[in-house]
Amino acid sequence: MAKAPEEIIRDEIRALSAYHVPDGTGMVKLDAMENPYQLPSELRARLARLIEEAPLNRYPDPGAGALKARLRQTLGVPAGMELLLGNGSDELIQMLVLAGARPGAVVLGLEPSFTMFRMISTFVGARYVGVDLRENFALDAERVLAAIEQHKPGLIFIAYPNNPSGNLFDAGTIARAIEAAPGLVVIDEAYHPFAEKSFMVNLARHSNLLVMRTLSKLGLAGIRLGVLVGGGAWLAQLDKLRLPYNVNTLTQIIACEVLQHGQVLTEQAAAIKLERGRLLRELRSVAGVTTYPSDANFILFRISHAERVFDGLKQRGVLIKSLHGSHHLLADCLRVTVGTPDENAAFLAALTHTLNA
Ligand SMILES: *Cc1c(COP(=O)(O)O)cnc(C)c1O
């Protein structure tokens, strides 16, 4: 008799609920921080030609040499630092947690933040400790330093700007945490295109610092490419955990070509930032809405009966993200991705209709 899942699968895995991705087909999709703009048609035509000639019968370039050289330039990687590529930054988070998951090892994250830090720690059997942010989502220096002292985490994740709150934490406080940390500190800069501030320039100063980037929020969520930057001594160890050919041929070709015309994505990010300001002003003027400042491509806001508002928007064809119930600091909070001017207008109209219904 073969055993049942409950006899084989670890308890903590069976206790998880699967990462739920709602179906946004046919909706105004403002739930996942995607860039709403397509690439220009000439660039798409060039990509089509490159894909036509791609050697799909061969394994990908295992070291992704050409892509790494291109990334080194476009990300402004400091001299002497190395790069490790992942199938999205999610895979890099997985490699980091796997590598550090000695018995008793602690992964420290801030709450609320990107849920993958906690989830992947659970997958891998590492102990995750979440340190609450302040009520305004600022970093609480005393609380973070006390948690580092108490739990001695081998790995600390800090999203900069933070998701789902959208703010940049105080850089001085982060630097204090890096100095106090007994292990690695990973600054996750997924929203860098909309914030510009970065810890990349601090890499040489802190030997226990790594900086993570992704092309997802910049406009290439579909190709799955994450980048970890830091000292070679750390990355060489992590690289042993990387599955061979984790970055496929099409991703390498497309990323190389698009980054060569990186101006396009920078211009789109600038348009999104402009829209962010407009959306923030408009949202602020809606009675009963409290907005939070954002350095990312989304806005967190609080509104009473958030779940009902979320459902009302969905009925009107607009999909955003409800965070109500995910953390006590996020009660009645919703998160909307900045879309095109038309999409944002559709969202605001649906919000007004929902509130007046
Ligand atoms: C969206 C997001 C990511 C996801 O990155 P992928 O490269 O798409 O896997 C990573 N970190 C944060 C904080 C995010 O919000």
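In each ligand, atom 1 is the first atom listed, and ligand 1 is the first ligand listed. Because only heavy atoms are used, hydrogens play no part in the values below, and waters and symmetry mates are left out as well, while side chains stay in.
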- [ ] Flag the pair Pro112 / Leu323 as yes when at least one side-chain heavy-atom distance between them is below 4.5 Å, and no otherwise.
- [x] no

- [ ] For atom 12 (C) of ligand 1, grab the closest protein heavy atom and report residue, atom and distance to one decimal in Å.
- [x] Asp188 OD2, 3.3 Å

Open item on the list: Quick check: do Leu313 and Leu351 have side-chain heavy atoms less than 4.5 Å from each other?
Closed with: yes

Open item on the list: Between Arg242 and Asp239, does any side-chain N to carboxylate O distance fall below 4.0 Å?
Closed with: yes

TODO: Give the numbers and elements of all ligand 1 atoms closer than 4.0 Å to a heavy atom of Gly88.
DONE: 7 (O), 9 (O)

Open item on the list: Is the contact between Glu91 and ligand 1 made by the side chain, the backbone, both, or neither, using heavy atoms and a 4.0 Å cut-off?
Closed with: neither

Open item on the list: Is the shortest side-chain heavy-atom distance between Val144 and Thr173 below 4.5 Å?
Closed with: no

Open item on the list: Does the residue Met116 have a heavy-atom contact with ligand 1, meaning some pair of atoms that are separated by less than 4.0 Å?
Closed with: no

TODO: Quick one: look up the protein heavy atom nearest atom 9 (O) of ligand 1 and list residue, atom name and how far away it is.
DONE: Arg224 NH2, 2.8 Å

Task: Contacting atoms of ligand 1, where contact means under 4.0 angstrom from a heavy atom of Lys217 - done: 1 (C), 2 (C), 3 (C), 4 (C), 14 (C), 15 (O)

Task: Whether Phe194 and Tyr191 hold their rings parallel, tilted or perpendicular, with breakpoints at 30° and 60° - done: tilted

- [ ] Give the ring-plane orientation class for Phe137 versus Tyr292, where under 30° counts as parallel, over 60° as perpendicular and anything between as tilted.
- [x] perpendicular

Open item on the list: Is it the case that the side chains of Asp332 and Ser304 hold a donor-acceptor pair, with the cut-off being a distance below 3.5 Å and no angle test?
Closed with: no

- [ ] Mind checking whether Met33 contacts ligand 1 via backbone (N, CA, C, O), side chain (CB onward), both or neither, at a 4.0 Å heavy-atom cut-off?
- [x] neither

TODO: Check Asn162, Leu133, Asn136 against Asn167 for a side-chain contact (heavy atoms from CB on, under 4.5 Å) and give me the one that passes.
DONE: Asn162

Open item on the list: Show the atoms of ligand 1 that are less than 4.0 angstrom away from any heavy atom in Tyr191.
Closed with: 1 (C), 14 (C), 15 (O)

- [ ] Do me a favour and list the nearest non-hydrogen protein atom to atom 5 (O) of ligand 1 with residue, atom name and distance?
- [x] Ser89 OG, 2.8 Å

Task: Location of contacts on Ser216 toward ligand 1, heavy atoms closer than 4.0 Å - done: side chain

Task: For Asp90, atoms of ligand 1 separated by under 4.0 Å from a heavy atom - done: 4 (C), 9 (O)

